[in-house]
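Atom set for the values below is all heavy atoms of this structure, side chains included, hydrogens, waters and symmetry mates excluded. Ligands are counted one by one from 1 in listed order, and the atoms in each one are counted from 1 as well. Position 1 is the first residue of the sequence; numbering continues from there. Please read these numbers as outputs of a predicted model, since none were measured by experiment.
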Amino acid sequence: MNRAQSDLWFHRAESVILGGVNSPSRSYKSVGGGTPIVMSRGEGSKFYDVDGNEYIDYLAGYGPSILGHAHPEITRTISQAASDGILYGTPTTSEVLFAEQLRVAIPDLERIRFVNSGTEAVMTTIRVARAYTGRTRIIKFAGCYHGHSDAMLVAAGSGPSSMGVPDSAGVTKSTAEEVITVPFNDLDALEQALATHGTDVAAVLVEPIVGNFGIVAPKDDQYLESVIQLAHHHGALVVFDEVITAFRFHYGSAAQLYDVHPDLFALGKIIGGGLPIGAYGGRRDVMEKVAPLGPAYQAGTMAGNPLSMRTGISCLNVLRQPGIYDEMAARAKRLVEATTAAAQRYRVPVTVNRVGGAFTVFFGDRPVRNYDDAQATDSKQFARYYHLLADNGILIAPSKYEAWFVSAVHTDDDIDKTCEVIERVFHELA
Ligand SMILES: Cc1ncc(COP(=O)(O)O)c(C=O)c1O
Ligand SMILES: NCC(=O)CCC(=O)O
């Protein structure tokens, strides 16, 4: 595959944009180097690089692009919204309609606030939880990524781990000390942390289905409920970071899949239909700590902008169509079956974790239930796998800690082609 133009553009990028990328995850640092592919256009399930090469897209913009590229509903909405003016700095009807739509989908969102990214959403839930409880510490699960606010860059999985900086420089010692990490899927460890620090824990922050050391589901149907009960027993709030999971697996939250009720949610990615967005919300009495009603401050010039609101509404309207999530799950299942069959045939040890339309292929034969398990998988083999897939026109995220995302616009033909590539790739990996 000729990528001469990608090389040229990326080198140009490096001389003006730090590291050539606007997010470290896009660099090839964790897949043995090489030049990131520079994209120029997307349509449906495919995108095209600056050399004109075609790729089937399973990166999905790291999650948001669940309707693929240039979905007609989305492009129509954006152009109509743009023609009505893109920013008012006043209340709008679209933000009300979107908040109402989200609350119908996720009734626990008694009150909501829109922000511009998942990072902002999580950062604010922490502030609100501290304001509500009068406590300082946060418990998070090792390897979970919750955006790049200072406190969240402790054992932060995903991008930071891929870059070799799970604990970022520039975060003060006192901030880091406020964050306690425990292994995911280990109630004893959580109980112990709460027993030790419980009277000063403001919140337990949870990715209910982990997406940031690969896809990792809770170990059983009781786990999330037990996390919530333990936290509440010690007077801490529970925040579900559903930036990846909300509207990824069904029309609603991951909390609903497990019939549990966290106090606060952080949302982002899919709810913006591809435009920048974040949101947080939950219990009314907790949210009422936020200004202008309460003493915890949070604000935003771009927050609730009509372009993101209207695009979010459109995206959710498409996702409400019956059968859409079953189709994504069925297509992902086919890809996983092709993967495990090819891996067996060519004797390459893999473990695949799938939930609905999202899955991660780990190179190792042990189950992956927490961050240590994910770290122990073979990074070199993943790097070869990544490059072989890309060279054969299949694009996923360049990190073993991410996921394949099947979108609503992948076709059976895309899946057939991808299964053929998977077969070839494992043949080469053997
Ligand atoms: C679970 C989770 N929370 C928060 C974030 C941060 O969102 P953003 O990149 O929009 O700031 C991410 C991003 O990947 C995420 O996966
Ligand atoms: N799962 C981690 C991400 O999606 C991060 C994307 C980014 O920061 O570019």
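Under 4.0 Å from ligand 1, heavy atoms of T119 appear from its side chain as well as its backbone. Under 4.0 Å from ligand 2, not a single heavy atom of R26 appears. At a 4.0 Å heavy-atom cut-off, ligand 1 does not touch E120 at all.
By the 30° and 60° cut-offs, the orientation of the rings of H387 relative to Y28 is perpendicular. Between Y401 and Y371, the two ring planes are tilted [angle within 30° to 60°].
Residue contact annotation: K269 has a non-hydrogen atom under 4.0 Å from ligand 1. Between Y62 and ligand 1 there is no heavy-atom distance shorter than 4.0 Å.
Annotation for ligand 1: atoms under 4.0 Å from non-hydrogen atoms of D241 are 1 (C), 2 (C), 3 (N), 4 (C). Heavy-atom proximity to I244, at under 4.0 Å, picks out these atoms of ligand 1: 16 (O). Shown in contact with S23 at under 4.0 Å from a heavy atom are these atoms of ligand 2, numbered in order with element: 7 (C), 8 (O), 9 (O). Close contacts between ligand 2 and K269 involve ligand atoms 3 (C), 4 (O) [criterion: under 4.0 Å to a heavy atom]. In summary, the atoms of ligand 2 found under 4.0 Å from a heavy atom of N212, numbered by their order in the structure, are 1 (N), 2 (C). Atoms of ligand 1 lying under 4.0 Å from at least one heavy atom of E207, given by number and element, are 1 (C).
Between A246 and L267, the closest heavy-atom pair is CB-CD2, 3.7 Å. Nearest heavy atom pair, residue V122 against residue T125, reads O-OG1, 2.6 Å.
F98 and F114 have their aromatic ring centers within a separation under 6.0 angstrom.
At least one test fails for R113 against the ring of Y280: distance under 6.0 Å to the centre or angle within 45° of the axis.
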_Apply side-chain hydrogen bond (donor to acceptor under 3.5 Å, both in side chains) to residues Y132 and D285 and explain how you reach the verdict._
CA-CA 9 Å; Y132 184 82; D285 61 326; 2.9 Å; yes

